[in-house]
Amino acid sequence: MIVRPIGAGVAGYYFRGQKPGVWVGRGSQALALDGYVSQAHLSAILQGRHPADGRSLVDRRSARRRAGWDLTFAAPKSASLLSATVPQRADSIVTAHRIAVADVVGHLERHHLAAARSFAPGGRLPVEGALAVAFEHRINSAAEPHVHSHVLLANLGQVAGGAWVPLSGSDWWPSRNALAALYQLSLRHHLTGAGWDLDWRMRPNGLADVADVPRAAVRATSTQSRAAASLGRYEGRAAAIPQPWQARAEAAGYSPDAAAQSAGRARTREVGRGVGLDGSHLAAAVESRLAAERSVFRLADVLVALAACWPAGAPAREAQAWAERFCDRCVSVRSPSRGPRWTTDLAARADLRLLAVADRSVGRAHLDPVMTDRMRNLVSTGRPIEVLESHAGCSNLLAHAAILDEWRAEWRETGLTVAIRTKTSEAAARWNALAALEPRRAGERTDILIVDQADRWTTPELIATLTGARDTGTRTILVEGGTLPRLTQARSAGLVALGDELGRVDPGPPPDWSVDPGSQALQTSGRVAARKLLDSWARERPSAEPPVLVGLGVDEVAGLNRAARNQLVGEGLLTGPAVTARGREFRAGDLVVVLRSLGSDLRRGTVGSVLEVDPRRGAVTVAWRSRRKPQELDRTGLTHVGYGYAATPSLATTVDAPLLLLGDPVAVPYLQARVMQHAQAAPSPVRDDLARPRRPSPHLGL
């Protein structure tokens, strides 16, 4: 399941040459909305208005109110191929998909919809029903088989008494993976009930593929998903060219005859209670999977594990009841966030083993005495294991990079080798850009091993890492957070206990980007690293084509924009009257970037400069690089643009300007061909088919 927020103006998109959707959810029934949906009624609902008379359904309408969400439920590609190659039984697969979607929408209504209200118990007011529309499709933009439904969930819910209120996304958003697992369980259950006798290849996230459909055939008929991965969702869809897929599937080993054999193994089975769902072997399998994934789990995690362990499938109600019974037999633990959490004896034993490995590491006598003395001089405790601290929900990457960069210089002076282990190549490139740390290669021995995102490592993974480090005399530094914000609750409770037992190294507070960059109060922790990045940007800024910073995450990008703009204001380069829109102040000389399309020639990522400002009319004049004539924008138009000094990697793929890369080059699929020679880090190699920009610019490239 893919979840995307939607605005009030998207209704027309779902009616472009598509079959009309249908109203779903008890909230739709409360407004007498049934059957096929009209574009006018959908537009009214997304705007928070009654479809009949246009009156507002909510008492207070915020200017920044979210219209709703698009929940996309997709059958496995293998099942879609099966429906397209066995047309005489295709309707049974689509019907099973439709029932599964309705099953999950009903589960969402029963368990996850609420409104945030301070006067209600627990601060949450239950919502009686969802107000949603389901658009069902059998193909994608490239005309390839793809059975899926777009469920547009409006940001409206009816509470007791009949009042309509906005939904609290925090009540259902954390359970989106469980909703996807429930859809997969229900789909497999109803396919079996429709007479399909299918074997499934299971995945760890609860998804499964039809075993009779070759993987090569799935890849050969998934050009749309590959285009979306390389070009972005919107450009990938725009570039899609419908073309016959049957020849590609047959060349990959999936012929109509093979599909007919799968369809021929039919059996009639009553759609009812899942057979064997109460077996002890299933509970043991779910417990083992949970222990391998995390020490402490939520009910949603149990549902995902159930979907991964039970190929036969089950209705949503029965799966929910089974998961609740499973949790009742587990040990309840304290949760740092809202919602109950549990653990099992199997997970607790693994955490104790992790602590035992750490204790034996501290007491190992075979460590080189000279190396141990050097470590003592360089780090506060001198122990073979250190934990670098981060606050829950925060990433203090620049502070971590600054302290590790300082330690790394001293380590190398004393002849010690240093390497870092990361989950992704993007994270490795990020560390290399900020602290010149190289990733650890397979079979390579190192004296100092840094583990990025340690809070996202499972207990078995940490046991294997610390055991190997202990046996080779390697010092281990576990970084909480790092290149991603630290989890509210680490996947390994043993890591938390280890940090409590050994103590944590506090790198200091993260940079405060909201104040004057020259303030002496900011010359601490990660401010040094941040200053280096901004100074590099400032050196290149006077060029004819000023660079755009690339940062990770909304907070970092917003901070870089503020810091860069504060620097310009401090140098007197931004003066004169200003116009404010959505909290952003625009003056003559400001660099801006389009965040939402302003027209066919002003797409997302277009860069421009503010020429004039008229505060009396609340308008600014912008010179765009893709237009010869300047354009005047009022405050409404300014809501579509933001500061152009910094951008996220996803936006950087479309920015039509030189980029100053702040690490993480491979996060942008084809950024290699779009980065100027003054990039902070050399991009890692990417596939040739993803490395070609669609609109090359003469001033871009290495």
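Each residue takes its place number in the sequence, starting with 1.
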Q: What is the distance from atom NE2 of His189 to atom CD1 of Ile99, rounded to the nearest 0.5 Å?
A: 9.0 Å
Q: Is the positively charged end of Arg89 above the ring of Trp196, judged by distance under 6.0 angstrom from the centroid and angle within 45° of the axis?
A: yes
Q: Could you check whether any side-chain N or O of Arg138 sits under 3.5 Å from a backbone N or O of Ser80, counting only pairs where one atom can act as donor and the other as acceptor?
A: no
Q: Taking all non-hydrogen atoms of both residues, which atom of Leu167 and which atom of Asn155 are closest, and how far apart?
A: N-OD1, 2.8 Å
Q: First locate atom OG1 of Thr458, then atom CZ of Arg294, and finally report the distance between them rounded to the nearest 0.5 Å.
A: 9.5 Å
Q: Would you call Val641 and Leu598 a side-chain contact if the rule is heavy atoms closer than 4.5 Å?
A: yes
Q: Do Val592 and Tyr645 make a side-chain contact, defined as non-hydrogen atoms from C-beta onward lying under 4.5 Å apart?
A: no
Q: Search all heavy atoms of Asp452 against all heavy atoms of Gly482 and return the closest pair with its distance.
A: OD1-CA, 3.5 Å
Q: Answer yes or no: is there a side-chain heavy-atom contact under 4.5 Å between Ile2 and Arg4?
A: yes
Q: Does Ser255 offer a backbone N or O that forms a donor-acceptor pair with the side chain of Glu250 under 3.5 Å?
A: no
Q: Can you tell me if Asp209 uses its side chain to pair, donor with acceptor, with the backbone of Arg201 under 3.5 Å?
A: no
Q: List the steps, then state whether side chain to side chain contact (heavy atoms under 4.5 Å, CB included) holds for Val105 with Val151.
A: CA-CA 9 Å; Val105 171; Val151 177; 4.3 Å; yes
Q: Would you confirm whether Gln29, through its side chain, and Asp34, through its main-chain N or O, come within 3.5 Å as a donor-acceptor pair?
A: no
Q: Looking only at non-hydrogen atoms, find the nearest pair between Ala67 and Leu46 and report the distance.
A: CB-O, 3.4 Å
Q: Could you give the distance from CG (Leu602) to CH2 (Trp624), rounded to the nearest 0.5 Å?
A: 6.0 Å
Q: Mind running side chain to side chain contact (heavy atoms under 4.5 Å, CB included) on Leu591 and Val607 for me, showing each step along the way?
A: CA-CA 7 Å; Leu591 191 68; Val607 176; 3.6 Å; yes
Q: Apply side chain to side chain contact (heavy atoms under 4.5 Å, CB included) to the pair Tyr183 and Met1, showing each step before the final yes or no.
A: CA-CA 8 Å; Tyr183 164 75; Met1 184 182 74; over 6 Å; no
Q: Is the distance between the ring centroids of Trp200 and Trp310 under 6.0 Å?
A: no
Q: If we only count heavy atoms from C-beta on, is the Ile6 to Leu152 side-chain gap below 4.5 Å?
A: yes
Q: For Arg110, does the CZ atom sit with more than 12 other heavy atoms under 6.0 Å from it, leaving out its own atoms?
A: yes
Q: How far does CG of Leu71 sit from OG of Ser149, to the nearest 0.5 angstrom?
A: 11.0 Å
Q: Checking side chain to side chain contact (heavy atoms under 4.5 Å, CB included) against Leu153, which of Leu108, Val133, Asp70, Leu131 comes through?
A: Leu108
Q: Does a side-chain heavy-atom distance below 4.5 Å link Tyr643 with Leu595?
A: no
Q: Starting at OG of Ser186, measure out to CD of Glu318 and round the result to the nearest 0.5 Å.
A: 11.0 Å
Q: Can you give me the closest heavy-atom contact between Ala178 and Ala300, atom names plus distance?
A: CB-CB, 3.6 Å
Q: Identify whether the distance between the nearest side-chain nitrogen and carboxylate oxygen of Asp103 and Arg317 falls below 4.0 Å.
A: no
Q: So Ile45 and Leu31, do their side chains get closer than 4.5 Å, heavy atoms only?
A: yes
Q: Is there side-chain contact between Asp171 and His112, with at least one heavy-atom pair below 4.5 Å?
A: no
Q: Taking everything shown except Asn205 itself, do over 12 heavy atoms lie less than 6.0 Å from its CG?
A: yes
Q: Evaluate the criterion side chain to side chain contact (heavy atoms under 4.5 Å, CB included) for residue pair Asp199 and Val210; output intermediate values, then yes/no.
A: CA-CA 6 Å; Asp199 293 324; Val210 179; over 6 Å; no
Q: For Asp212 and Leu198, indicate whether the former's side chain and the latter's backbone hold a donor-acceptor pair under 3.5 Å.
A: no
Q: Side chains of Lys77 and Glu144: does their closest heavy-atom pair fall under 4.5 Å?
A: yes
Q: Regarding Glu293 and Arg491, does a basic nitrogen lie under 4.0 Å from an acidic carboxylate oxygen?
A: yes
Q: Roughly how far apart are Arg289 CZ and Leu306 CG, rounded to 0.5 Å?
A: 11.0 Å
Q: Does either side chain, that of His150 or that of Thr72, offer a donor lying less than 3.5 Å from an acceptor on the other one?
A: yes
Q: Has Arg248 got its NZ or CZ under 6.0 Å from the middle of the six-membered ring of Trp245, at an angle within 45 degrees of the ring axis?
A: no
Q: So, for His190 and His97, is the gap between ring centers shorter than 6.0 Å?
A: no
Q: Over all heavy atoms of both residues, which pair between Arg188 and Ala208 is shortest? Give the atoms and the distance, please.
A: NH1-CB, 3.6 Å
Q: Quick check: does any side chain N or O of Thr85 sit under 3.5 Å from a backbone N or O of Leu81, one acting as donor and the other as acceptor?
A: yes
Q: Glu136 and Arg98: salt bridge (charged side-chain N to carboxylate O under 4.0 Å, His left out), yes or no, with the steps?
A: CA-CA 8 Å; Glu136 185 181 288; Arg98 186 181 305 129; 2.9 Å; yes
Q: Consider ring pair (Phe, Tyr, Trp, His ring centres under 6.0 Å). Of Phe73, Tyr14, Tyr13, which one does Phe135 pass it with?
A: Tyr14
Q: Say whether, by atom type as modelled, one donor and one acceptor occur between the side chain of Thr95 and the main chain of Asp91 under 3.5 angstrom.
A: yes
Q: Please check if the side chain of Arg176 supplies one atom and the backbone of Trp173 the other of a donor-acceptor pair under 3.5 Å.
A: yes
Q: Taking all non-hydrogen atoms of both residues, which atom of Tyr254 and which atom of Pro214 are closest, and how far apart?
A: CD1-CD, 3.7 Å
Q: Determine yes or no for a side-chain-to-main-chain donor-acceptor pair under 3.5 angstrom, with Thr639 supplying the side chain and Thr636 the backbone.
A: yes
